[in-house]
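Here is the structure we will look at, set down as structure tokens.
Keep in mind it's a predicted model, so treat the numbers as computed, not measured.
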Amino acid sequence: MSSDTLINYVELPCKDIPATKAFFASVFNWTFTDYGDAYCEFRDKGITGGFYKADMASLTASGATLLVFYSPTLEATQKAVEAAGGSVIKPIFTFPGGRRFHFTEPSGNEFAVWSDK
């Protein structure tokens, strides 16, 4: 595959950029670069992207794409999500290949975490 056709950036709506930044820094150790009050870029070990100020949220119930994290310690990650202010909206369940849960972060965007353990 040509490297010029890879997905390399994702942008998500964000109602409360400071709260969302604090959540992802706490749970997933993300770092951020601010570009004014209405946009910040995030970086982690797998993807780079940004949060833009908006009164919307990315939810699968309304057809949004689901971003999924991997964790070898699913229960510990769920506890960290809850401790940082996230809300579990689908508790841990099994699926072919592993287990996962879905959560929303403080701005209401939905994510999932899966494990093969």
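A distance of 9.5 Å separates OG1 in T20 from CG in L12, rounded to the nearest 0.5 Å. Taking CD1 of I89 as the start and CG of L59 as the end, the distance is 6.5 Å to the nearest 0.5 Å.
Scored by the side-chain contact (heavy atoms from CB on, under 4.5 Å) test, A84 finds F23, S26, V27 as partners (sequence neighbours excluded). In this structure Y70 satisfies the ring pair (Phe, Tyr, Trp, His ring centres under 6.0 Å) test together with W114, sequence neighbours excluded. In terms of the side-chain contact (heavy atoms from CB on, under 4.5 Å) criterion, residue partners of A54 (sequence neighbours excluded) are, by chain and number, P13, Y52, M56. By the salt bridge (charged side-chain N to carboxylate O under 4.0 Å, His left out) test, D34 pairs with K21, sequence neighbours left out. Y35 pairs by the side-chain contact (heavy atoms from CB on, under 4.5 Å) definition with T33, Y39, E41, not counting sequence neighbours. Every residue two or more places apart in sequence or in another chain was checked for a side-chain hydrogen bond (donor to acceptor under 3.5 Å, both in side chains) with S58, and none qualifies.
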Discussion item. Apply ring-ring contact (aromatic ring centres under 6.0 Å, His included) to residues F51 and F42 and explain how you reach the verdict.
Written reply: CA-CA 8 Å; F51 289 111; F42 58 80; 5.0 Å; yes
Discussion item. Run the ring-ring contact (aromatic ring centres under 6.0 Å, His included) test on F111 and F24 for me, step by step, so that the C-alpha distance in whole Å, both residues' side-chain angles and the decisive distance to 0.1 Å come before the verdict.
Written reply: CA-CA 12 Å; F111 296 87; F24 282 101; 5.3 Å; yes
Practice prompt. Check the pair V68, V113 against side-chain contact (heavy atoms from CB on, under 4.5 Å), reporting the backbone distance first and the verdict last.
Written response: CA-CA 5 Å; V68 182; V113 181; over 6 Å; no
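In terms of heavy atoms, D44 sits closest to G46 at OD1-N, 2.8 Å. S107 approaches A57 most closely through the heavy-atom pair O-CB, 3.9 Å. F32 approaches W30 most closely through the heavy-atom pair CE1-O, 3.8 Å.
Annotation: salt bridge (Lys or Arg N to Asp or Glu O under 4.0 Å) contacts involving residues 59-68, sequence neighbours excluded, are absent. Among residues at least two apart or in separate chains, there is no salt bridge (Lys or Arg N to Asp or Glu O under 4.0 Å) pair with a member in residues 50-61. The salt bridge (Lys or Arg N to Asp or Glu O under 4.0 Å) contacts involving residues 8-20 comprise nothing, where partners must be two or more places apart or lie in separate chains. Residue pairs meeting the side-chain hydrogen bond (donor to acceptor under 3.5 Å, both in side chains) criterion with at least one partner in residues 77-91, sequence neighbours excluded, are S71-T77.
I17 belongs to no hydrophobic cluster with other residues, because no ILVMFWY side-chain heavy atom falls under 4.5 Å from its own, directly or through intermediates.
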Under 3.5 Å donor-acceptor pairs involving side-chain atoms of residues 94-104, not counting sequence neighbours:
from: R99; atom 1: NE; to: K117; atom 2: O; distance (Å): 3.3
from: R99; atom 1: NH1; to: E75; atom 2: OE2; distance (Å): 2.7
from: R99; atom 1: NH2; to: E75; atom 2: OE1; distance (Å): 3.3
from: R99; atom 1: NH2; to: E75; atom 2: OE2; distance (Å): 3.2
from: R100; atom 1: NE; to: H102; atom 2: NE2; distance (Å): 3.1
from: R100; atom 1: NH2; to: H102; atom 2: NE2; distance (Å): 3.2
from: H102; atom 1: ND1; to: E110; atom 2: OE2; distance (Å): 2.8

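Under a cut-off of 6.0 angstrom, the local environment of CG in D116 is crowded, with over 12 non-hydrogen atoms contributed by other residues, nucleotides or ligands.
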